[in-house]
Participant: 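Here it is, the structure, as structure tokens.
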There are 2 protein chains.
Amino acid sequence: MSGRKAQAARNDELIREAARAVFTADPGAPISAVAEHAGVGISALYRRYKSKEDLLQKLAADGMDRYLAEVEAALADDAAPWAAFAGFMRRCLDIGAGSLTMRLAGSFEVTEDMSRKGREIHAATQRLLDRTKEAGALRPEIEVGDISVLLEHLHTIRIGDDERMNRLQHRYLALMLDALHLTGAEELPGPAPTWQELRGRYDG
Amino acid sequence: MSGRKAQAARNDELIREAARAVFTADPGAPISAVAEHAGVGISALYRRYKSKEDLLQKLAADGMDRYLAEVEAALADDAAPWAAFAGFMRRCLDIGAGSLTMRLAGSFEVTEDMSRKGREIHAATQRLLDRTKEAGALRPEIEVGDISVLLEHLHTIRIGDDERMNRLQHRYLALMLDALHLTGAEELPGPAPTWQELRGRYDG
DNA sequence: TGTAGAACGGAATTCTTCGTTCCGCTATGA
DNA sequence: TCATAGCGGAACGAAGAATTCCGTTCTACA
């Protein structure tokens with residue numbers, strides 16, 4: 001497996017990876033930054049995606065798939081509810097799932113397919129939360145919208161190089177997990193964000 | 001108190017307030033957004049500030065003053081360490097203190113005066129944390145850098161209108177406070193962000 | 001070995017956005 | 001009545017970004 005075909009296949013991956021990294025860091029980044037980060041020229045990008053919007057759409061759809069896969073993996077692990085949930089959150093942090101789509105909101109047209117996937121994601125996450133709550137391991141007031149918001153904002157922590165950044169994100173996730181695990185604590189102020197509120201940002 | 005002078009004085013305040021809100025929401029916002037949010041024209045802005053950089057500098061300096069005032073108020077309240085600390089965090093959230101300066105980092109030249117204030121802020125926050133830890137009310141691993149990062153990121157939660165946003169920010173602050181108050185919990189991963197790391201972002 | 005063409009790097013082009021300036025207009029207060 | 005401070009917003013120019021274009025390189029196959 002070598003030659004131009006292999007190089008191209010490798011570039012496919014390189015570009016997707018770079019796009020994920022760059023747009024997670026800065027949703028408004030120029031497309032040239034993606035090319036640079038991937039170590040390729042701009043035309044390598046335009047050969048694969050019709051436009052920036054096209055790239056963002058595919059990236060967002062991909063992010064939703066990754067996230068859904070994680071939720072389902074967590075649901076499949078029915079031994080220790082809390083451990084499964086905590087592991088799910090940590091994995092989401094590492095693979096950048098659960099935030100990209102949201103942060104990109106507004107910069108591309110939402111397809112019917114994505115709306116459908118969004119509903120699936122919501123339902124699956126709901127199941128995961130319910131199960132964890134039933135095991136008495138999660139604050140009952142926590143809702144799906146909370147998870148979105150938390151993941152999204154953990155991803156916005158950007159200090160130092162990639163490795164340092166990841167460690168810091170895990171530091172604050174650990175803090176949040178401690179708080180989420182506290183079932184006997186005082187009630188939280190304000191209702192959780194609703195599905196409408198989160199989706200509202202797509203249309204704005 | 002009416003007439004042109006009064007109108008101008010009112011605009012002074014309107015513009016400062018709008019600038020704070022707009023740049024807290026988006027540090028890269030155009031200056032026209034500030035004018036619009038304040039309900040004034042662009043020239044009302046340029047009559048008061050020489051340039052965008054000038055406005056940002058004054059805003060950042062003002063933000064540092066507000067923050068320092070809050071820390072000192074918390075230190076002055078020496079009855080209940082934890083309540084003082086929690087109240088301090090909540091007030092910072094409401095007045096937008098502790099994050100603006102950081103988020104604006106890199107978009108203007110840092111004056112010697114600001115550096116000095118930065119050191120004061122660090123020292124005062126350190127005292128507040130130490131005191132709260134000594135009372136056994138705060139995780140010992142929490143450092144000044146953590147507070148900066150937490151406040152900064154709580155401010156980036158932007159959903160719904162201003163009032164709704166504020167409630168949600170308080171919801172997640174409450175969660176974080178529960179975690180910070182947990183003195184017996186497992187150790188956090190990764191060291192806290194250092195002063196250098198945070199300041200590093202000024203130099204770009 | 002010669003050659004068609006896929007894949008690419010990056011300069012050139014075009015479009016957008018933003019900071020700043022400029023030009024009347026209005027209301028105040030002498 | 002008039003000079004003018006204060007203002008709204010269009011106009012201008014620079015910076016930056018998306019997209020296109022062209023010359024080059026490398027592969028595969030004759």
Side-chain angles (χ1 to χ4, degrees), chain A residues 1-60 100 103-110 204, chain B residues 1-60 100 103-110 204:
Chain A
M1 174 58 107
S2 83
R4 232 30 188 307
K5 281 282 168 60
Q7 161 81 333
R10 226 170 310 125
N11 275 355
D12 280 355
E13 186 54 30
L14 235 47
I15 288 174
R16 258 204 308 277
E17 202 51 54
R20 196 163 13 248
V22 169
F23 288 125
T24 299
D26 172 15
I31 220 160
S32 62
V34 175
E36 200 172 342
H37 191 279
V40 303
I42 292 182
S43 46
L45 251 163
Y46 273 90
R47 164 158 300 275
R48 293 169 174 76
Y49 303 94
K50 202 161 70 315
S51 64
K52 187 183 192 180
E53 176 166 350
D54 184 34
L55 168 60
L56 290 178
Q57 259 187 8
K58 300 226 165 105
L59 213 56
L100 232 194
R103 303 197 65 201
L104 260 31
S107 47
F108 58 84
E109 211 182 336
V110 181
Chain B
M1 171 58 107
S2 84
R4 231 36 189 295
K5 279 283 167 59
Q7 163 81 331
R10 225 170 310 127
N11 278 354
D12 280 354
E13 185 55 31
L14 236 46
I15 287 173
R16 256 204 310 277
E17 204 50 55
R20 191 155 27 240
V22 169
F23 289 125
T24 299
D26 170 14
I31 219 159
S32 63
V34 176
E36 200 172 341
H37 192 280
V40 303
I42 293 181
S43 42
L45 252 163
Y46 274 89
R47 165 157 300 274
R48 293 169 174 76
Y49 302 94
K50 202 161 69 312
S51 65
K52 187 183 192 181
E53 176 164 350
D54 184 32
L55 168 59
L56 291 178
Q57 260 187 7
K58 300 224 167 108
L59 214 55
L100 233 194
R103 304 200 65 202
L104 259 31
S107 47
F108 58 84
E109 210 181 339
V110 181

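Each chain gets a letter, A, B and so on, in the order its sequence line appears, and its residues count up from 1.
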Participant: From CG of L45(B) over to C1' of dG6(D), roughly how many Å is that when rounded to an integer?
Facilitator: 13 Å

Participant: Can you tell if the side chain of E36(B) reaches within under 4.5 Å of the side chain of V22(B), non-hydrogen atoms only?
Facilitator: no

Participant: Below 4.0 angstrom, N of the basic side chain to O of the carboxylate: do E13(B) and R16(B) qualify?
Facilitator: yes

Participant: Atom OH of Y49(B) and atom P of dG6(D): how far apart are they, to the nearest Å?
Facilitator: 15 Å

Participant: Could you check which residues of residues 29-37 of chain B get a heavy atom under 4.0 Å from DNA chain D? Sort them by number, please.
Facilitator: none

Participant: Mind calculating the distance between CZ (F108(B)) and P (dG19(C)) to the nearest angstrom?
Facilitator: 15 Å

Participant: Please determine whether side-chain contact (heavy atoms from CB on, under 4.5 Å) holds for the pair L55(B) and F23(B), giving the CA-CA distance in whole Å, both sets of side-chain angles, and the decisive distance to 0.1 Å.
Facilitator: CA-CA 11 Å; L55(B) 168 59; F23(B) 289 125; 4.0 Å; yes

Participant: Would you confirm whether R20(B), through its side chain, and L59(B), through its main-chain N or O, come within 3.5 Å as a donor-acceptor pair?
Facilitator: no

Participant: For K50(B) and dT21(C), what is the distance between atoms NZ and C1' respectively, to the nearest whole Å?
Facilitator: 15 Å

Participant: Taking CD in E53(B) as the centre, count heavy atoms belonging to other residues, nucleotides or ligands within less than 6.0 Å. Is the count above 12?
Facilitator: yes

Participant: Roughly, in whole Å, what's the span from CD in E53(B) to P in dG19(C)?
Facilitator: 12 Å

Participant: Between L56(B) (CG) and dC18(C) (P), how many Å, whole number?
Facilitator: 14 Å

Participant: Calculate the interatomic distance between R47(A) atom CZ and dT19(D) atom P; express it in whole Å.
Facilitator: 16 Å

Participant: Whether N11(B) contacts dC7(D) is assessed here as follows: a side-chain N or O lying under 4.0 Å from the phosphate OP1 or OP2. Is that the case?
Facilitator: yes

Participant: Keeping the roles fixed (side chain from Q57(B), backbone from E109(B)), state whether a donor-acceptor pair exists under 3.5 Å.
Facilitator: yes

Participant: Nearest to the side chain of Y46(A) - dC7(D), dT20(C), dT19(D)?
Facilitator: dT19(D)

Participant: Distance check needed: dG9(D) P versus I42(B) CD1, whole Å only.
Facilitator: 9 Å

Participant: Are side-chain heavy atoms of K58(B) and D54(B) found at a separation under 4.5 Å?
Facilitator: yes

Participant: Quick one: which of dT20(D), dC7(D), dT20(C) gets closest to the side chain of K52(B)?
Facilitator: dT20(C)

Participant: Can a side chain N or O of R48(A) be found less than 4.0 Å away from OP1 or OP2 on dA7(C)?
Facilitator: no

